[in-house]
Protein chains: 2
Amino acid sequence: MPKQVNTKQKIIEAAIDLIAKYGYRGASVRKIAAEVGIRESAIYNHFKNKEEILKQIIAEIFVTPFEFKNVEEKAKRGKSFLREFVVAYKLITFDKKKEKLFRVLVIELFQNAALRESFLQEFHQKDIQQISQAFFIMMQNGLIRSGDPMFMAQEFLAPLFYIRLQVSLLRIDGKPTTPVSTQFEKHVDFFWESVSLQ
Amino acid sequence: MPKQVNTKQKIIEAAIDLIAKYGYRGASVRKIAAEVGIRESAIYNHFKNKEEILKQIIAEIFVTPFEFKNVEEKAKRGKSFLREFVVAYKLITFDKKKEKLFRVLVIELFQNAALRESFLQEFHQKDIQQISQAFFIMMQNGLIRSGDPMFMAQEFLAPLFYIRLQVSLLRIDGKPTTPVSTQFEKHVDFFWESVSLQ
DNA sequence: GTCTATAGCACGATAGAC
DNA sequence: GTCTATCGTGCTATAGAC
């Protein structure tokens with residue numbers, strides 16, 4: 001059992017690789033099958049059609065978001081909570097699998113309605129909820145200036161998204177990412193200085 | 001002469017439309033020709049091949065950035081300069097042609113090396129230069145707290161890019177954009193409150 | 001500068017043997 | 001669950017007539 005690797009999962013992995021490179025249209029069933037090491041027709045034993053492969057990949061993009069335990073408690077620590085969040089965000093940015101899924105997201109965002117829907121409703125939404133909840137608590141505890149916590153969360157997250165995009169672009173061409181990726185930490189410092197009351 | 005419309009330009013326009021919808025691979029020479037109202041073979045009288053059409057479109061993405069005159073003077077006005085900048089940015093976000101080019105940018109960013117290069121070097125770079133220059137002057141005039149003007153410019157522009165992305169996504173599906181687009185103005189207020197010394 | 005016609009290839013998908 | 005073989009379609013691009 002441990003040696004028997006799932007062909008279906010192999011197909012998904014190969015498809016993610018190829019879509020991240022060539023987009024959905026460019027990632028042909030032929031290429032996917034070749035990468036897995038089977039014939040095109042064998043693909044159809046695992047998926048009804050090509051579209052079904054994409055659907056499953058899209059589902060993968062939106063699993064395992066940030067799941068912080070005890071946000072209520074951690075938020076009281078103020079800046080260190082934000083730092084912890086950004087460290088997690090940075091890790092995801094450099095995670096090989098997550099990076100590929102991020103590319104798929106950006107490439108197909110304007111071409112796939114379901115993906116678009118999930119992005120607008122889930123992608124940052126979950127992060128925003130957590131961060132805005134944390135900001136709300138920080139406001140109550142007099143750690144930061146008052147304001148709309150949701151909007152503040154957007155302001156906090158948008159630069160992270162933009163840095164992530166830049167890092168992903170640089171990594172495709174094998175360019176150095178340090179100048180950009182250090183902005184993650186700088187962003188926390190800048191933001192905290194912007195909102196903190198101390 | 002005024003009535004004689006350029007076929008070459010028509011091809012470009014049709015290609016932008018179709019690439020914004022289906023991506024470069026999905027925008028076939030066939031579809032482009034059909035949209036223009038000519039045969040595929042006629043396309044090749046104007047462009048060497050399909051790739052050449054994309055090249056010209058990419059070039060269009062990076063023309064006419066923000067060209068503010070007298071940044072030195074305007075920067076002294078502080079917040080109102082930022083407000084003026086964001087008004088221009090918002091206009092571009094809702095401009096039909098620019099919006100399509102923005103979609104092409106996002107779709108092809110991970111798939112076209114030349115586009116990626118230009119994006120990293122030019123897209124925000126020009127904006128960043130202007131904004132950071134303005135921040136530098138504001139610092140000298142004691143309007144804002146001191147810091148790295150380049151980094152501050154990134155912090156100012158990243159949320160604008162993210163709002164633009166959201167607006168573009170909403171507009172595809174004909175969804176209301178007001179809740180998101182009002183963030184443009186809110187962002188200026190929030191940012192100014194973050195950096196101003198008054 | 002446009003047309004018709006066609007070459008040559010890659011695509012997604014199915015039928016049927018093993 | 002994989003294979004071989006094949007179908008029908010759409011693709012980029014070219015040749016040559018008008």
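Geometrically, B:Arg145 engages A:Phe190 in a cation-pi contact, judged by NZ or CZ lying under 6.0 Å from the ring centre and within 45° of the ring axis.
A salt bridge links A:Glu185 and A:Lys90; the closest N-O separation between the charged side-chain nitrogens and carboxylate oxygens is under 4.0 Å.
The OH atom of A:Tyr22 sits 14 Å away from the P atom of C:dA10 (whole-angstrom rounding). In this structure, A:Arg39 atom CZ and C:dC11 atom C1' are separated by 16 Å, rounded to whole Å. Distance, B:Ile32 CD1 to D:dG10 C1': 14 Å, rounded to whole Å. Between A:Ile53 atom CD1 and C:dC11 atom C1' the separation is 14 Å, expressed in whole Å.
A side-chain donor from one of A:Gln9 and A:Glu13 sits under 3.5 Å from a side-chain acceptor of the other.
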List every contact pair, protein side and nucleotides 12-18 of chain D side both N or O, where the distance is under 3.5 Å.
unit_1: D:dT12; atom_1: OP1; unit_2: B:Val29; atom_2: N; d: 3.3
unit_1: D:dT12; atom_1: OP1; unit_2: B:Lys50; atom_2: NZ; d: 3.0
unit_1: D:dT12; atom_1: OP2; unit_2: B:Val29; atom_2: N; d: 2.8
unit_1: D:dA13; atom_1: OP2; unit_2: B:Tyr44; atom_2: OH; d: 2.9
unit_1: D:dA13; atom_1: OP2; unit_2: B:Lys50; atom_2: N; d: 3.0

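In this structure, A:Phe156 and A:Phe191 have perpendicular ring planes: the angle between them is above 60°, well past the 30° mark.
The nucleotide whose nearest atom lies closest to any side-chain atom of A:Ile38 is, among C:dC3, C:dG1, D:dC3, D:dC3.
Within 6.0 Å of CE on B:Met139 lie more than 12 heavy atoms contributed by other residues, nucleotides or ligands.
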Which pairs of donor and acceptor atoms, one on a side chain in residues 50-57 of chain A, lie under 3.5 Å apart (sequence neighbours left out)?
unit_1: A:Lys50; atom_1: NZ; unit_2: A:Tyr24; atom_2: O; d: 2.8
unit_1: A:Lys50; atom_1: NZ; unit_2: A:Ala27; atom_2: O; d: 3.3

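Between A:Gly26 and B:Ile43, it is B:Ile43 whose nearest contact on DNA chain C lies nearer the 5' terminus.
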